[in-house]
Every structure is written in structure tokens, then in C-alpha cells.
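The model shown is predicted, which means the values in this text are computed figures rather than measured ones.
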Amino acid sequence: MTDKQTLRAAALESKAWPYEEARKLLKRYPEGAPAKGHVLFETGYGPSGLPHIGTFNEVLRTTMVRRAFEALSDIPTRLIAFSDDMDGLRKVPDNVPNKEMLAQHLGKPLTRIPDPFGTHESFAAHNNALLREFLDRFGFDYEFVSSTDYYAGGKFDDALRGVLRNYQGIMDVMLPTLRKERQATYSPVLPVSPKSGVVLQVPIEVLDPETGMIAFEDEGERIEQSILGGQAKLQWKVDWAMRWVALGVDYEMAGKDLIDSVIQSSKIARVLGGRPPEGFNYEMFLDEKGEKISKSKGNGLSLEQWLTYGPDESLAFYIYREPKKAKALHMGVIPRAVDDYWQFRGNYAAQPIEQKLGNPVHHIHNGPPPAETLPVTFGLLLNLVGVMGEASKEQVWAYLANYVPDATPEAYPALDALIGYALAYARDFVAPTLKRRAPAGVEVDALKRLDAELAAIPVDAPAEDIQNIVYEIGKTGGFENLRDWFKALYETLLGSEQGPRMGSFIALYGIENSRKLIAEALAKAS
């Protein structure tokens, strides 16, 4: 078999979630390509706010499923990033200028509201530009679609006529899900007021589905106008269903908080004569207190914050794993995500094909990752810069020469980038928490023994030899268990409750420098 055939055969059996999702699409079209000639993936974006980590999460995961499907099938694919910019502005965001101006336009479609930043023709245009810039930054392959363009340009007209033809069927789906007082005013169609320009939430009367004509009350006056050509939009769940049918969407995932919306929109899609897309509901991110992340609360971790302290791949790795499990998203998870990513990347080359397809890096890099390896862990770098205090990249590289042959930024560009992240993370989150305590009891004699042993070995002794010395002292030093000895080393020498393999750290920091740390600790005990 060719490499492609081998990959396809293994992917058909892989338990990795992108392949499991992709196989749903194979079953959707058992006879081959659909009539439209391609399989369509969609992600949605509400441009009343700025792109954020949830936007990245959804586009990344959808892209992983798309690539998995392309490994299984030769059917062409497309990915649409859909901006719901016909939506009416419900409230003024906290993180924008000119709030007073925006308040005067509440209820109007986002594309018909001036840009508070003064850089684009509308508020939606500003945020849509940010979305495209955001997606382009990470190299996503997508097509941007504006809801306003499709409504106003007539691309949704046939589907909108279908909504009016099936108006009662849609009401039969929606009304049982609403409170009694909401039932009295609910309408699937939201006309745009010819007087105020506001997207109205009022009952309507269907006059003629073929011309799109409806009647409604606007400021006490009966208005008759068409819903075609951008003169109306649909309620959220109906809009989603109409879009699926009009565009022929085959796959769209959504957060667990939208399970009910998926159910109702799927029913409406069937009323409209369409087929709901495949997809799954992913779990939400939680903050360090275990509470759901909320944009209004600001209790989450932003994309920019993560990328200040860890590379893109570490975030992609964290997002890939266990999408149906709620996960904490805060600063404390970044170092582990960085090291786990590199561990999986280091394992990749030697794995059989079925394990490679289940390796997160395969989905992050859409195949084999770059060949570069990492000679030290991110955690070890954090411990190093933590004890160094204020340091530069050049100073860190000087220490790395103790541990890594030919240690230069040119030889290890990924490590050079990680040093920058480590310096930033240690400065902001490690250094403020470090507090070295004095050794006590058996710890004092054990540290004296460690100092003597280090003095007796070559300055370039390998990390494994040093680790054996540390291990032997812990076994014979009067500790109840080895964990107490390592904890003592971390707390007295590094100032933290957790730490690295001490053999690796001492080899990296240097034997003479490590003996100075021991001397400083012993001085506190006297």
C-alpha cells in the first residue's frame, strides 16, 4: 500500500476524536460527494465582541475534524467562518470607546452601527476585520461570510421564503420551549423597522411567502414590507437552522451551553426540508475556582495572555485533548501544557502509525511535526530562571552550556523561544511566590552530604550520576520517604513546593552554583 493508503486504513480505525467525527461525515455521504460537490464545515462568530480564545477553540477543533476527513476521503471540503453581523446590538460592550454613541444605536444591526473605534465603516466591519486578522495569524484555511451580505444580497431569499411557507411548523417547534408570556410575542422573523432601523421583536402576519411580504406593528402603525433583501433577519435558533439549509452545512460543533439550541435548530432544519449537520457539543472551560468562564465577568484567560507565556502549539495541544471534558483554563495550566506538548512531540517519530494518529501533535501539525527536539523541559527552564532572578536570554544560554552540547539559539530555535516564555512566566508568576525556608532536622545533614558529594565529582558530571547521588542520600538520610527529601530540596534551594529532577537541575545550573545554593540554605539553619 502507498503511504496515503496506509494512513487512510489506520485512520478508519483510529479512536482519536477528530477521526471519529470525520467518520460521521463518511456515513452521511456513503455514495460519495454530495450534489454541491463538497463537504461544508462552519463555525460561527458574534461580532458584537472581539475575537477570543473560544473563537480560536472552535475554529481549531473544526479544522482538525476537516483535516481528519480529508485523510479519509477525496471529497473536497470548505470551511466557512460565518459572522452573524445582522444581529441587533443588545448591550454596549465594556471594552470599547464611545459607549455613549453606541448606546444611541442599540437594537440596530451591527453592520448599521458606526464603528466606535473610528477605523471602519461599521462596528461589525471593525470586528469582522479583527476576526479575519485573528484567523489569518494562525494560518487557518477558511472563507469569511457576512450574514448581512447574504441577507441583503439575496443569497438567503429562497430559504427565507421557506421560513414563511413553513411558519406554523416552526412556531410548533418553538412555542413549547418558551414561557407563556414570551409565547404571546414570539416571532421567528425579526423585521427591520423602516422608521428606526432597529431589529424589531414583534409578532408578524405572513401575507405572501413568495414575495416575502409580512405585516407587523411599528410604533403604533401597521407596516407591510418584504423580509427579503436585508429587510429582516431571523431569531437565533431559526436563523441557525435556515443557514444550515441554505448553505448546505454538513458539520458544525457547539459548546455544551448550546445543546438546547442545537436540538431546536435541528428540528427547524427538518421542517424546512433540510438535514441538520453532524457535530458534537464540547465542554466549557472553567476558571481556577472551577466556575464557568464568562466574558462579562472577565474570569477567563485570554488568547493574548496564553501566548505571552506559551507558544501557539501548547494552546492547540491543550484545546485538542478531551474536548468533552470540562477543563480549567488559567495561568497555572500553561507550563504543564508546554511540557506535555513536547513530550508527545518527542514520542511521535518512533510510534507505529495507529499511535501517531492518536498523538495530539499529529492533529496540531496536520501530520508529522517538525523534527526539532527539546533538550530541557519548560519546567526545568522555569526552575532555572526562578533561582537566577532577573536574567536575560544570553545569561540563560550561558547556563544551558553546562547541560546542552553546542547550546546556541541557532541550533535550538524552539528552545530560544521557550526561554523567552519562561522568563516572562517566571517574572510574573514564579518569582513573586518563591520563598526559601531554612532546612531543619535531618535535612541539614542531608544537605551537607549533598554538598560534599558534589564537591567530589567533576564539574561536567552527567545529570544521571548526580540524580543517583541525590537519590542515595534520600534513601539513607533518615527521611520517612524519598518524597520528603525531594520536597526539602525544592523548598530550601528553589523556594517552591514542587520542582524538577534535581540531577537535571544541578547539571543545568552548574555544580558550583548549586553548592552556593546549598551554602545559603545551610547558613539559615545555623
Side-chain angles (χ1 to χ4, degrees), residues 335 339 342-343 346 372-389 391-412 414-416 418-419 422-423 426 430 434 436 439 442-479 481-525:
D339 277 337
W342 277 97
Q343 182 179 356
E372 184 179 354
T373 58
L374 200 65
V376 297
T377 66
F378 190 61
L380 191 56
L381 280 178
L382 286 176
N383 288 121
L384 173 63
V385 298
V387 297
M388 288 175 67
S392 65
K393 269 192 175 185
E394 291 73 21
Q395 289 171 316
V396 176
W397 275 111
Y399 278 99
L400 285 168
N402 296 325
Y403 191 76
V404 182
D406 304 319
T408 64
E410 293 73 26
Y412 295 98
L415 177 57
D416 187 57
L418 279 185
I419 292 171
L423 287 169
V430 177
L434 294 181
R436 296 176 196 154
V442 296
E443 297 170 352
V444 175
D445 286 339
L447 284 173
K448 288 178 180 178
R449 281 181 60 193
L450 178 58
D451 180 62
E453 294 275 8
L454 293 179
I457 61 175
V459 294
D460 59 352
E464 199 58 40
D465 290 354
I466 301 172
Q467 183 69 17
N468 289 337
I469 290 170
V470 174
Y471 187 79
E472 186 61 30
I473 292 172
K475 284 201 303 182
T476 60
F479 295 93
N481 55 62
L482 275 171
R483 186 180 304 162
D484 291 341
W485 167 227
F486 289 119
K487 189 169 185 288
L489 289 170
Y490 301 149
E491 293 177 350
T492 61
L493 303 185
L494 304 182
S496 61
E497 294 182 356
Q498 298 177 324
R501 282 173 59 89
M502 287 305 297
S504 298
F505 175 79
I506 292 170
L508 175 59
Y509 194 50
I511 286 178
E512 286 306 311
N513 287 320
S514 298
R515 291 188 65 204
K516 289 177 184 177
L517 284 180
I518 295 171
E520 291 170 2
L522 290 172
K524 293 178 181 178

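Considering all non-hydrogen atoms of both residues, A521 and P439 come closest at O-CD, 3.1 Å. When all heavy atoms of L423 and A391 are compared, the closest pair comes out as CD2-O, 3.8 Å. A pairwise comparison of heavy atoms in V444 and A525 identifies CG2-CB, 4.0 Å as the closest pair. Listed here is the closest heavy atom pair of N383 and S496: ND2-OG, 4.4 Å. The two atoms that bring W485 and I473 nearest to each other are CZ2-CG2, 3.8 Å, heavy atoms only. Contact record, L380 with S504: CD2-CB, 4.0 Å, taken as the closest heavy-atom pair.
P500 is listed as a side-chain neighbour of Y490, based on a closest heavy-atom distance under 4.5 Å. With a 4.5 Å cut-off on side-chain heavy atoms, R436 and E491 do not count as touching. Looking at heavy atoms from C-beta onward, V387 lies out of side-chain contact with N513 at the 4.5 angstrom threshold. Residues M502 and F505 form a side-chain contact, since some pair of their non-hydrogen atoms from C-beta on lies under 4.5 Å apart. No side-chain heavy atom of I457 sits under 4.5 Å from any side-chain heavy atom of D465. No side-chain heavy atom of V376 sits under 4.5 Å from any side-chain heavy atom of L384. No side-chain heavy atom of T377 sits under 4.5 Å from any side-chain heavy atom of W342. No side-chain heavy atom of E453 sits under 4.5 Å from any side-chain heavy atom of E472.
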Report task. List the steps, then state whether side chain to side chain contact (heavy atoms under 4.5 Å, CB included) holds for I518 with L454. Result -> CA-CA 11 Å; I518 295 171; L454 293 179; 3.9 Å; yes
Requested in this report: Using the side chain to side chain contact (heavy atoms under 4.5 Å, CB included) rule, take K475 and L482 through it: C-alpha gap first, then chi angles, then the decisive distance, then the call.
Outcome: CA-CA 6 Å; K475 284 201 303 182; L482 275 171; 4.2 Å; yes
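Taking CD1 of I419 as the start and CD of E394 as the end, the distance is 9.5 Å to the nearest 0.5 Å. The distance from the CD1 atom of I466 to the CD1 atom of I511 is 4.5 Å, given to the nearest 0.5 Å. Taken from OG1 in T492 to CG in L522, the straight-line distance is 8.0 Å, to the nearest 0.5 Å. For the atom pair CG (L434) and CG (L494), the distance works out to 8.5 Å, reported to the nearest 0.5 Å. Taking NZ of K516 as the start and OH of Y509 as the end, the distance is 8.0 Å to the nearest 0.5 Å. Distance CG/L374 to OH/Y412: 9.5 Å, rounded to 0.5 Å.
Under the 3.5 Å distance criterion, the side-chain polar atoms of K393 are left unmatched by any main-chain donor or acceptor of P409. N481 places a side-chain N or O within donor-acceptor distance of the main-chain N or O of D484, the cut-off being under 3.5 Å. Judged by distance alone, with hydrogens and angles left aside, the side-chain atoms of Q467 form no donor-acceptor pair with the main-chain N or O of R501 at under 3.5 Å. With hydrogens and angles disregarded, no donor-acceptor distance shorter than 3.5 Å links the side chain of N402 to the backbone of A507. With hydrogens and angles ignored, the 3.5 Å screen pairs a side-chain donor or acceptor of D339 with a backbone N or O of G379.
No more than 12 heavy-atom neighbours from other residues, nucleotides or ligands sit within 6.0 angstrom of CD on Q498.
When each of D416, T408, L415 is paired with L400, the side-chain contact (heavy atoms from CB on, under 4.5 Å) condition holds for L415 and for no other.
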